[in-house]
Protein chains: 2
Amino acid sequence: MDLDLRKIRYFMAVARELNFGRAARDLHIAQPVLSRQIRALEAELGVQLFMRDRRRTELTAAGEALYTEAAPLLAGAEALRRRVGRAGRGADSFTVAFMPGLTVTGAVRALTAAHPRMTVDVLRTSWADQVEVLRDGRADVSCVRLPIDQRGLKVRALFDEPRVAVLPTAHRLACKSELHLSDLAGETLLQPYDAVPEWQAMTGDTAPSGLSGPSGPPAALAVEEKLEHVAAERGVVVLPQSTAGFYHRPDVTAIAIIDIGPSRVALAWDATRRTRLISEFADLAATHLRAP
Amino acid sequence: MDLDLRKIRYFMAVARELNFGRAARDLHIAQPVLSRQIRALEAELGVQLFMRDRRRTELTAAGEALYTEAAPLLAGAEALRRRVGRAGRGADSFTVAFMPGLTVTGAVRALTAAHPRMTVDVLRTSWADQVEVLRDGRADVSCVRLPIDQRGLKVRALFDEPRVAVLPTAHRLACKSELHLSDLAGETLLQPYDAVPEWQAMTGDTAPSGLSGPSGPPAALAVEEKLEHVAAERGVVVLPQSTAGFYHRPDVTAIAIIDIGPSRVALAWDATRRTRLISEFADLAATHLRAP
DNA sequence: CCGCTGTGATACCTTCAAGGCATCACAGGT
DNA sequence: ACCTGTGATGCCTTGAAGGTATCACAGCGG
């Protein structure tokens with residue numbers, strides 16, 4: 001009758017690993033159990049999900065469909081449990097997530113003033129988190145930097161801000177008041193190429209999403225770590241102005257790049273949620289959040 | 001670990017009925033089973049969902065939260081199963097839903113031409129269905145008449161069209177070429193007031209959503225039924241021009257109302273879905289679907 | 001006051017699905 | 001020929017979900 005979220009979660013593990021044994025270990029169950037559960041799921045859906053070939057396991061078309069569509073369902077279930085738990089703890093609360101460098105205080109203050117009996121929480125996110133917190137219910141709205149995967153979300157643009165290059169203070173360019181992107185030719189970019197599309201156009205570099213430099217550190221670094229690498233003269237990073245301005249250390253310098261697309265900051269929320277408080281906060285954010 | 005959709009469905013039944021016995025009968029299970037399942041759900045969520053009072057059953061705040069948030073989750077599960085089933089049947093297909101009176105042929109033709117190997121289905125909806133089909137996966141896009149509940153959906157406006165009054169052909173106004181809303185003062189409106197907001201402003205009538213007239217027939221009539229009532233001179237209805245034009249019968253006449261807000265037609269789709277085909281169809285719809 | 005009715009909860013049993021362990025069947029490599 | 005890694009089968013145990021019978025209690029009518 002109802003489909004079983006446990007089985008769906010099992011399926012997701014197998015689809016990720018494409019290997020029943022490893023997936024079973026990840027799930028902390030025995031492999032035969034997993035085999036049977038997947039067969040049961042296939043029977044229940046009336047559809048074959050995997051092509052098992054004694055030697056390798058592959059997704060069928062139906063399996064692909066399930067793999068892409070099931071993630072939001074599981075996230076939705078998690079979000080539901082979080083929100084109900086919060087409602088049960090009696091707290092009429094509202095959580096605003098934000099990326100480091102963005103300041104949501106003004107809008108949060110205004111919301112608190114409008115609803116004195118409500119608890120307004122804030123939650124710091126990272127690049128990886130900024131949308132996730134909406135899908136799993138940890139936050140009601142999230143102040144994000146575009147681009148994001150907008151599926152399942154409503155997004156409202158707040159403001160644009162210039163992007164800056166962060167250089168070692170000792171760098172030959174560090175004394176300039178502004179830069180063109182071409183000034184950076186030959187520098188090593190310490191971040192995934194797709195974070196700065198113009199870089200790719202300039203250098204022709206198309207490595208998927210690793211860091212440049214042959215032995216570069218792994219991707220998805222925290223901003224603090226990136227700055228550490230810059231200070232060590234291992235390369236440069238390009239950041240939104242407010243992000244770079246948020247961390248100040250004497251050994252690195254941020255300089256505006258004038259011929260590069262701006263970074264856009266937006267407010268995002270779950271498209272299925274109630275609208276009252278969220279749209280109220282969106283209005284407040286639009287008036288209180290501006291480029292620095 | 002994972003929450004159990006069966007229990008959620010049981011909860012929804014109890015929350016609807018606010019009575020364990022009746023809910024159990026609706027679910028075709030015994031009442032003690034339902035009591036235990038709800039208690040188990042409460043234990044699992046760590047939250048009380050109902051205030052049981054020997055005499056009546058009421059939702060707690062957490063229960064309210066669950067009641068409003070669980071519906072999209074259950075619909076999403078249903079949609080998932082539908083889509084996977086369809087993918088399993090091998091058909092790479094795309095389903096376009098539409099309200100009666102709207103003609104989607106042009107856009108469907110264009111999509112078929114662009115993807116000759118894909119099956120493009122169409123699905124007729126009603127006012128009650130037009131959004132439901134998206135939430136439960138019966139359609140990929142739906143050509144709707146606004147306003148709709150936009151939660152969980154993306155919406156793109158297509159065109160506006162005038163609204164007409166449908167009168168008995170024998171009516172004193174049936175020979176006019178156009179009407180003002182005030183011409184209809186004193187007529188009986190055979191549809192929910194909120195379908196025509198201006199009517200409410202004109203007459204001061206504020207009955208919630210029943211039909212006017214003391215012994216009016218029940219709400220949510222099909223268009224054909226409304227026309228039948230009009231022909232029987234029991235009152236008038238206000239419809240979008242294309243809806244009225246779609247059904248022609250000699251005993252009723254449609255006349256444009258010139259001082260009333262237009263009816264807006266839009267394309268809507270599930271906000272969580274993949275975007276490729278949908279946005280392609282949205283572009284086709286924007287160019288091919290126009291006011292008649 | 002007593003008994004009737006409708007409410008949800010409890011007790012006890014049965015069935016079946018989910019879990020574990022041991023083992024099999026088979027494809028590739030050494 | 002043997003070993004290794006793969007997923008599938010067989011058999012057992014446990015626990016959850018289902019059922020029936022019954023209880024405890026609030027309200028109502030006589």
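So you know, we letter chains A, B, ... as the sequences are listed, proteins then strands, and number each from 1. Because the structure is predicted, anything quoted here is derived from the model rather than measured.
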Aromatic plane relationship, A:Phe281 with A:Phe94 - under 30° parallel, 30 to 60° tilted, over 60° perpendicular: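 Ring orientation of A:Phe94 relative to A:Phe281: tilted.
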Interatomic distance where [atom1] belongs to [X] and [atom2] belongs to [N] [whole Å]:
X       : N      : atom1 : atom2 : value
A:Arg56 : D:dT6  : CZ    : C1'   : 13 Å
B:Leu5  : D:dA16 : CG    : P     : 18 Å
A:Arg52 : D:dT6  : CZ    : C1'   : 12 Å
B:Met51 : D:dA26 : CE    : C1'   : 16 Å
B:Arg22 : C:dG8  : CZ    : P     : 8 Å
B:Leu18 : C:dT7  : CG    : C1'   : 14 Å
B:Leu49 : C:dG8  : CG    : C1'   : 16 Å
A:Phe50 : D:dA8  : CZ    : P     : 10 Å

Contacts of type side-chain hydrogen bond (donor to acceptor under 3.5 Å, both in side chains), residue A:Arg16, not counting sequence neighbours: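 Residues passing side-chain hydrogen bond (donor to acceptor under 3.5 Å, both in side chains) with A:Arg16: none at all.
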Are [X] and [Y] close enough that some pair of their side-chain heavy atoms sits under 4.5 Å apart?
X        : Y        : result
A:Leu74  : A:Ile8   : yes
A:Glu69  : B:Val84  : no
B:Asp270 : B:Arg135 : no

Short side-chain N/O contact to D:dA8 OP1/OP2 from A:Ser35, under 4.0 Å: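 Checking A:Ser35 against D:dA8: at least one side-chain N or O falls below 4.0 Å of OP1 or OP2.
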A:Thr57 side chain near D:dG7 phosphate (N/O to OP1/OP2, under 4.0 Å):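 Yes, because at least one side-chain N or O of A:Thr57 sits under 4.0 Å from OP1 or OP2 of D:dG7.
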Per-nucleotide protein contact string for nucleotides 17-30 of chain C (B base, S sugar-phosphate only, - none; heavy atom under 4.0 Å): -SBBBB---SBS--
Is it the case that the side chain of [X] and the backbone of [Y] share a donor-acceptor pair, with hydrogens and angles ignored and the cut-off at 3.5 Å?
X        : Y        : answer
B:Arg124 : B:Ala97  : no
A:Asp136 : A:Ala75  : no
A:Arg138 : A:Leu134 : no

Inter-end axis angle, the helix from C:dC1-D:dG30 to C:dT30-D:dA1, with every axis fitted to five base pairs (rounded, 10 degrees):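 Rounded to the nearest 10 degrees, the bend comes out at 0°.
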A:Glu42 bridged to A:Arg52 by N-O distance under 4.0 Å: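 Salt bridge: yes.
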